[in-house]
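Read the structure below first, then the notes.
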Number of protein chains: 2
Amino acid sequence: MKRGALAKATGSNIETIRYYEKIGLLPEPERTASGHRLYSLDDEKRLKFILRCRELGFSIAELRELLGLVDTDDYTCGDVLAISKQHTHDIERKIADLKRLKRTLDQMSAECSGDAVPECPLVDALFE
Amino acid sequence: MKRGALAKATGSNIETIRYYEKIGLLPEPERTASGHRLYSLDDEKRLKFILRCRELGFSIAELRELLGLVDTDDYTCGDVLAISKQHTHDIERKIADLKRLKRTLDQMSAECSGDAVPECPLVDALFE
DNA sequence: CATACATCCTGTAGCAACTACAGGATCAAG
DNA sequence: CTTGATCCTGTAGTTGCTACAGGATGTATG
């Protein structure tokens, strides 16, 4: 599939695809004889992964590291364990904080039973 | 506390504080007679909230909406319920995807028992 | 009091991460 | 063939920060 189709299939901005290729997150795709990019299902999967991880708050640098696990044969098991450990730790903390936020929003909704809008303790939800 | 101290207390870049004030995420703080910004504990809490939500992948626009729940008396209960519902839905999806990622990383670590680094199915973890 | 250093102010510029635009080429349908 | 959509490359602009500069303020020391 071509670039426009990939953008549609993934919900991505079409220029973002070129950007991610430029910075190396996406591999250079095959080309038609006339130079049009041709993307595979694997490319689509990878772009969806990248886009979703960005939404989940992973930085480009973090993505490089994670995708390194996918792409490279150069890592030792020690590398893999270290990278995995760090990321799972971060993920656990993210999950915990997201749960706190959700709980606070749920509570606020439950208290919203009439015209009186309750105070919103969202800011306190993440304060330790 | 002054701006530098707030930056240290929150782990923020010192200029980010001015930026968030400029775009309205942080309120304009009190000032000393000489014009130095003075921040309260509430300001610290709010900045920590903002920083953490950014790490969790919330956009500035989403933050505006969430902080609107905190700041404004103009919302009706209908508004609050609608905003809360949307955000809790997004949060649930984030949690689900983060769990998938973590599970995949955990599995990979478990398979990493020797010198043979296993294939990494991270990209498939989020593909539906 | 003077000095030195750290921190603050405002404003501007630069970087990272995209996103949009422009001019020309290619493609597909009528 | 024409028309309109999509593609190419390259450049510029936007958003979200981050860094820098010059001057002012604050603090500690001699």
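All figures in this text were calculated on a predicted structure; none of them were measured in a lab. Chain identifiers are assigned alphabetically (A, B, ...) following the order of the sequence lines, protein sequences preceding nucleic acid strands; residue numbering begins at 1 within each chain.
No salt bridge links Glu30(A) with Arg37(A); every basic N to acidic carboxylate O contact stays at or beyond 4.0 Å. Using a cutoff of 4.0 Å between basic side-chain nitrogens and carboxylate oxygens, Asp97(B) and Arg100(B) are scored as salt-bridged. Classification of Glu55(A) and Lys94(B) as a salt-bridged pair fails, no side-chain N sitting under 4.0 Å from a carboxylate O. Between Asp43(B) and Arg46(B) there is no salt bridge, since no side-chain nitrogen of the basic residue lies less than 4.0 Å from a carboxylate oxygen of the acidic one. Between Glu15(A) and Arg3(A) there is a salt bridge, with a side-chain nitrogen of the basic residue lying less than 4.0 Å from a carboxylate oxygen of the acidic one.
Separating the CD atom of Glu62(B) from the P atom of dG16(D) is a distance of 11 Å, rounded to the nearest angstrom. In this structure, the CG atom of Leu51(A) is 15 Å from the P atom of dA17(C), given to the nearest Å. For the pair Lys2(B) NZ and dT25(D) C1', the computed distance is 8 Å after rounding to whole Å. Rounded to an integer number of Å, the gap from CD1 of Ile50(A) to C1' of dA17(C) is 13 Å. Between Ile60(B) atom CD1 and dA16(C) atom C1' there is a gap of 14 Å when expressed in whole angstrom units. If you take CG of Leu38(A) and P of dT26(C), they are 15 Å apart, rounded to a whole angstrom. One atom, CD of Glu55(B), and another, P of dG16(D), lie 17 Å apart when rounded to the nearest Å.
A sub-4.0 Å separation between OP1 or OP2 of dT6(D) and a side-chain N or O of Arg3(A) is absent. Distances shown here put every side-chain N or O of Arg37(A) at or beyond 4.0 Å from the OP1 or OP2 atom of dC7(D). Contact check, Arg54(B) against dG16(D): no side-chain N or O comes under 4.0 Å of OP1 or OP2. Between Ser34(A) and dC27(C) there is a side-chain N or O to OP1 or OP2 distance below 4.0 Å.
Taking 4.5 Å as the limit, some side-chain heavy atom of Val80(A) sits within range of a side-chain heavy atom of Met108(B).
Heavy-atom distances under 4.0 Å link DNA chain D to Ile14(A), Arg18(A), Arg31(A) of residues 11-32 of chain A, given in residue order.
A donor atom on one side chain and an acceptor atom on the other are not found under 3.5 Å apart for Asp106(A) and Ser109(A).
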